[in-house]
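Below, chains carry the letters A, B, ... as their sequence lines are ordered, and counting in each starts from 1.
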Amino acid sequence: MANDHVSWRIKKGEVHALLGENGAGKSTITSILFGLLQADSGEILVDGKSVLIHNPNDANALGIGMVHQHFKLVPSYTVTENIILGLEPKTAWGHINYQRARSKIQEISHQFGLAVDPDARIANINVGMQQRVEILKTLYRDARIIVLDEPTAVLTPQEIDDLMQIILRLKAQGRTIIFISHKLKEIKTCADQVTVLRRGKIVGSADVSDCTEAQLAEMMVGHAVEFVTQKDAPTIGNVVLRLENISVKSMRGSIAVKDLSLSVHAGEVLGIAGVDGNGQSELALALSGVVKPVKGKIYLDEVDVTSFGVRKRVEMGLGLTPEDRETQAVISNFNLAENYVLKTFYRNPYSSVLGFLNKKKISDDAQVQLENFDVRSANGWRSSISELSGGNRQKVVVAREMTIASKLLVVCQPTRGLDVGSIEYIHRQIIAQRNAGKAVLLISFELDEILNLCDRIATISHGSIVGIIDAKDATRQQVGQMMTASHKETVVG
Amino acid sequence: MNMKKVNSSKLVQFVDFSIKNEFIMSVYVILLGFFLSTVLLYLVGLKPSVMYNTIVQTITGYDFSKYRFNARYIGTWLTNSMPLILTGLSFNIALRSGFFNIGAEGQFIIGLTFAQYFAFLLPPVMGVTGIVAVIIGALFAAGWGAIVGWLRGRYQTSEVVLTIMFNYIAFYFSRWFSQKYLPGANSYRADNFPQEALLANSWFQSITNGSLLNNGLFLVIVSLIVYHIIMEKTKWGFSLRASGFSPLAAKFAGIAPVRSAVVAMAGAGFFAGLAGGIVYLGSFTFANVIRAQDQYGFTGIAVGLVSGGSAIGTLLSGLFFGLLNAAAPLMQSRGIPREIATMISAFVVIFIALSTGIKLRLGQWVIKAKNKEKEMD
Amino acid sequence: MSMTFIQTFLPLALTISAPIILASMGGLISEKSGIVNIGLEGLMGFGAFTAATTHVLLESSLGNELSITIALILAMIVATILSIIHAFATITFKSNQIISGTGINLLAAGLTVFFAQLIFNQEHTKPFQIGMKGYTMFHIYPSALIALIVILLTWYILNKRVFGLRLKACGESPQAASGAGIPVSKMQYIGVLLGGSLAGLAGASMVLTQSIQYSGNFINGTGFIALAAINFGRWRVGGVTMASLLFGSAMTIAHMIGSSSATYIPREFFLALPYIITVLSLVFFDYIKMRRIGSI
């Protein structure tokens with residue numbers, strides 16, 4: 001359940017923040033507000049009146065405007081064209097009155113201090129201005145209630161400061177702002193009220209001025225640690241993985257990982273904690289070999305593997321479970337055995353010199369590992385992987401990667417979307433690998449998982465490591481706070 | 001109440017099974033194609049029974065109107081099926097690797113052009129020259145396909161647009177090349193082939209009462225076997241299929257995307273080129289300067305779509321469309337326009353296009369129906 | 001360059017380019033809405049067949065002008081109806097656009113000659129007396145004028161009208177469009193049908209200015225040249241027009257050269273030129289795109 005009996009009150013003219021971790025249910029509730037999703041039960045009241053919001057047009061008519069986390073802009077259109085799309089002013093002849101559009105936009109822009117260039121194309125302007133265009137879209141439609149969904153996730157520190165000012169100006173002009181975020185500092189700066197959502201339920205609501213950042217962090221992540229995996233003290237060996245000042249570009253061309261340095265030793269689990277979108281995905285891509293870093297070096301057992309592709313790293317004993325299981329880790333139409341050998345099918349013993357697959361060896365080995373890793377399936381190795389539950393699919397991936405990882409195992413969001421039993425099982429397997437002397441790097445958004453499994457914990461923010469602590473010294477609140485820090489000096493681990 | 005529940009359950013099961021079974025969907029599509037054609041024939045005042053009789057005659061060789069058996073019809077059927085099976089393989093190997101090969105027409109042309117050229121160039125050895133010339137032609141066609149594969153892999157350029165362009169480039173190239181380099185060439189034909197370069201098989205000719213069935217048949221059979229072995233039993237087939245199902249996961253697993261694209265499109269080109277050589281060295285005694293695109297490539301798309309991707313499926317599908325092609329002239333002589341064959345192919349392709357949507361809708365219906373049944377329990 | 005060359009070349013180039021322009025404008029509108037229609041070739045065939053049939057049946061009773069006008073209108077209607085198949089398959093049923101377009105092409109190849117057989121008892125339409133010939137001003141056919149009007153209209157609608165702004169958004173960023181409350185599917189239907197009608201018009205003008213009848217392979221790749229022009233013109237009205245004129249000119253030169261033994265550059269080269277240029281431009285622009293992202 002994404003939202004569980006959520007009752008929420010927002011006062012007119014206030015800046016109300018909605019705080020919660022990944023998956024807490026924040027996007028769901030705002031999508032309902034904007035008409036992109038329909039609630040299963042309950043009602044929405046605007047100005048005391050019960051309303052039905054079936055689509056964005058209804059929301060607009062009620063004066064609700066939304067600035068989405070992933071902008072809904074047409075890249076080749078100008079700022080003006082994007083703002084007026086759907087509500088275009090017309091001339092007497094019936095064609096678009098760009099003059100009137102521009103002057104209205106300039107008027108609003110001036111009134112709220114939202115500097116934009118009306119003739120610039122979206123593809124050419126920076127993210128900060130793109131966001132201002134999104135805000136102008138709502139103001140152009142006379143929105144009284146403006147929802148901002150994780151607005152600072154993609155902004156630079158300077159742009160964040162600008163946005164804070166914009167929000168205060170909007171408030172001064174009588175608008176109501178709903179501000180969804182996990183950034184405590186920003187909430188402290190501009191919000192009046194904060195409501196905290198955890199695992200789909202409202203945890204509490206408070207005046208921002210009455211809370212410290214520490215208190216907010218505690219409300220967000222809670223006290224309960226739901227499972228503890230038993231582990232002995234680690235036996236730390238040599239450095240197996242060394243990242244030296246690596247920078248990696250994102251799909252969009254911006255630098256997502258910035259001058260990151262890190263070492264992982266044999267026999268330890270090093271965790272990288274952080275909220276999604278701070279460079280973890282790109283870091284994983286660079287570690288696996290799918291993407292080359294634009295700067296810096298990667299050493300595996302002191303061998304420079306920076307230019308090695310995926311297969312060479314597999315041969316060197318690097319196993320990696322990707323964060324998006326369905327699109328990156330498995331081939332849904334393949335069976336379990338085929339998925340098991342996905343990274344190793346091309347060489348001995350699974351392929352002969354002539355290129356013929358040794359199907360017997362493949363299915364035998366797969367069957368053994370499927371049993372070892374407790375994969376439940378209807379037809380054994382013959383089952384199509386799409387028939388399995390999420391937990392069992394992940395176990396197949398884990399079985400594959402742990403068999404490959406003779407030196408280094410990287411696990412990304414290993415238990416995302418899984419049931420409790422599978423989570424426990426996979427956690428035990430990770431500890432087992434660590435106890436067997438392998439180096440394990442865990443990248444996760446789940447704080448519980450990090451605290452549970454790791455010997456050392458690093459936090460990543462805006463592409464760099466901002467802190468490293470020993471797990472035995474770490475408290476929940478401390479790590480939570482580190483995770484939500486805006487930016488600090490880069491730390492080398 | 002129990003009776004009703006059992007019936008609805010059976011219907012739901014039947015629909016559920018149908019939409020998940022590729023073979024049954026193909027059969028439905030073909031039946032629908034025939035159904036539409038039958039309706040069309042009725043609407044314009046023609047007799048569909050003539051169409052069906054002709055088809056049966058082509059398969060069995062038995063002429064119902066004259067109570068005579070003529071093996072030539074069967075031979076013609078097989079001869080027409082050969083290039084279609086190959087262009088079907090061409091489409092399939094690309095499709096299973098995740099690519100749309102619309103370029104079989106052009107690859108066919110490159111294959112035939114160089115097969116003809118080498119038919120004259122190679123030393124004449126009975127029974128061998130023809131086959132070697134066809135294979136060399138197919139290799140050139142493989143190269144033609146590989147260029148597209150490389151551009152697609154390296155620059156992400158759409159292989160659909162590229163192959164359409166390459167079809168026409170190949171066509172004009174072939175006209176120019178053939179007129180310039182084939183002995184005795186004018187604007188529509190060149191010299192007779194040396195006897196040894198022909199694919200004609202006198203034994204086939206005798207048992208099929210003079211049809212054009214030729215040695216190309218062996219190449220087709222070998223191609224089917226090779227396709228099956230490569231796709232199902234080798235590491236290259238494994239790589240191609242992985243990339244076809246899930247390019248991103250394949251990339252994460254270390255399967256090189258550029259290499260996959262090149263291999264897949266080269267394979268596609270090879271099969272289509274083989275078809276070209278077989279048609280032009282097998283059905284003609286003289287070299288041709290082509291004047292139009294033959295449509296084997298485009299029909300091959302229909303063959304591939306109906307086949308479901310397997311070797312045996314391609315064989316059956318190719319035989320089916322070959323049957324339509326072979327029966328068409330006979331239908332024409334009996335008053336049914338020969339184009340009905342092309343139209344059945346067209347209906348089939350359109351229904352296959354619609355089938356993704358139909359499967360989705362029916363799938364949703366099945367889920368709803370199953371939920372309803374659960375509730376009733 | 002002699003005067004006679006220009007005198008023969010220019011009007012001929014306009015005649016050959018006009019159908020390309022019409023078809024590419026239609027394809028452009030469709031692609032702008034987000035649906036690629038490789039069935040343009042087939043739709044042109046339907047248009048040409050309808051126009052040829054209508055005109056040959058009506059020219060004696062209704063006179064040339066009226067007969068041609070009706071032929072053009074009917075061609076557009078028929079092509080629009082057939083493009084509904086493509087729209088329905090790709091928009092409502094979310095089918096693969098390439099497969100659907102291929103189906104349309106195959107259907108045209110079969111259906112047109114099928115009906116020619118039924119109506120005229122031969123595999124082509126009966127030749128008509130005079131096509132658009134009777135109306136040449138300075139040796140330019142009305143089709144060129146129609147093409148010009150269509151270019152201007154297309155440009156105006158796509159760039160100046162609300163409909164155009166919304167249509168292009170549907171193709172480029174459907175989530176932005178639906179977020180703005182625009183009915184994306186409905187817009188796409190309009191885009192595909194408009195495209196179909198223009199393709200029909202293109203085929204009709206082609207048969208009425210370049211031939212006396214419609215036969216099986218009449219369109220002979222012109223629909224695909226229109227697709228190439230859309231790509232090479234980088235999906236802008238001005239660019240696509242220029243590309244269509246360029247490709248039309250290449251085909252004209254080829255036509256004028258005659259058999260390949262006569263000149264130094266073979267005529268096949270000019271016939272293949274539009275396709276070669278398109279391939280080079282496609283790869284070039286994709287290369288630039290990749291460099292910008294930093295993948296190369």
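Summarising the geometry of B:I340 relative to C:F114, their closest heavy-atom pair is CD1-CE1, 3.9 Å, with the distance given to 0.1 Å. A pairwise comparison of heavy atoms in C:S95 and B:A353 identifies OG-O, 2.6 Å as the closest pair.
Within the 4.5 angstrom heavy-atom criterion, atoms from both the backbone and the side chain of B:T157 approach chain C. Interface remark: B:L41 contributes side-chain atoms only to the contact with chain C (heavy atom separation under 4.5 Å). Contact of C:T92 with chain B is made through backbone and side chain together, with heavy-atom distances under 4.5 Å. Looking at B:I336, there are no atoms closer than 4.5 Å to chain C (heavy atoms on both sides), in backbone or side chain. With a 4.5 angstrom heavy-atom cutoff, C:S100 touches chain B via backbone and side-chain atoms both. For C:L273, no part lies near chain B; criterion is any non-hydrogen pair under 4.5 Å. For B:R361, the part lying under 4.5 angstrom from a heavy atom of chain C is the side chain only. No part of C:Q122 comes within reach of chain B, as not one of its non-hydrogen atoms sits under 4.5 angstrom from that chain. Only the side chain of B:I102 comes within contact range of chain C, with at least one heavy atom under 4.5 Å from a heavy atom of that chain.
Among B:L46, B:I352, B:I164, the residue making the largest number of heavy-atom pairs under 4.5 Å with chain C is B:I164. Per-residue counts of heavy-atom pairs under 4.5 Å with chain C were compared for B:L40, B:T299, B:V348, B:L360; the largest is that of B:L40.
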| message | Let's go through C:L111 and B:M343 carefully: what are the C-alpha distance in whole Å and the side-chain angles of both, what is the deciding distance for side chain to side chain contact (heavy atoms under 4.5 Å, CB included) to 0.1 Å, and is it a yes or a no? | response | CA-CA 6 Å; C:L111 211 52; B:M343 279 157 59; 3.2 Å; yes

| message | Walk me through whether B:L354 and C:F88 qualify under side chain to side chain contact (heavy atoms under 4.5 Å, CB included). | response | CA-CA 9 Å; B:L354 291 171; C:F88 186 66; 4.2 Å; yes

| field | Stepwise side chain to side chain contact (heavy atoms under 4.5 Å, CB included) check, B:L151 with C:L282 | value | CA-CA 10 Å; B:L151 289 173; C:L282 278 176; over 6 Å; no

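A cation-pi arrangement is absent between B:R154 and C:Y287, since the terminal nitrogen or guanidinium carbon is not both under 6.0 Å from the aromatic centre and inside a 45° cone about the axis.
In this structure, C:E268 CD and B:Y168 OH are separated by 15.5 Å, a value rounded to the nearest 0.5 Å. Expressed to the nearest 0.5 Å, how far CE of B:M165 lies from OG of C:S281 amounts to 9.5 Å. Atom CZ of C:R267 and atom CH2 of B:W176 lie 15.0 Å apart (nearest 0.5 Å). Note that CD of C:E123 and CD of B:Q332 are 5.0 Å apart. Values are rounded to the nearest 0.5 Å. In this structure, C:D286 CG and B:Q156 CD are separated by 8.0 Å, a value rounded to the nearest 0.5 Å. Note that CD1 of B:I169 is 12.5 Å distant from CG of C:L271, once rounded to the nearest 0.5 Å.
Counted within 6.0 Å of CZ on C:F285, heavy atoms from surrounding residues, nucleotides or ligands total more than 12; the atom is thus considered enclosed. More than 12 heavy atoms of other residues, nucleotides or ligands shown are found within 6.0 angstrom of NZ on B:K359. Within 6.0 Å of CZ on C:R236 lie no more than 12 heavy atoms contributed by other residues, nucleotides or ligands.
The aromatic rings of C:F224 and B:F298 sit parallel, their planes meeting at an angle under 30°, below the 60° perpendicular limit.
Between C:L227 and B:V161, every side-chain heavy-atom pair lies at or beyond the 4.5 Å cut-off. For the pair B:F100/C:N96, a side-chain contact is recorded, criterion being any heavy-atom separation below 4.5 Å from C-beta on. Between B:Y172 and C:F270 the shortest side-chain heavy-atom distance does not fall below 4.5 Å. Residues C:L106 and B:I301 are not in side-chain contact: their nearest non-hydrogen atoms beyond the backbone lie 4.5 Å or more apart. In this structure, B:V44 and C:F115 have side chains that are in contact, with non-hydrogen atoms separated by less than 4.5 Å.
Judged by distance alone, the side chain of B:T342 and the main-chain N or O of C:G110 form no donor-acceptor pair under 3.5 Å.
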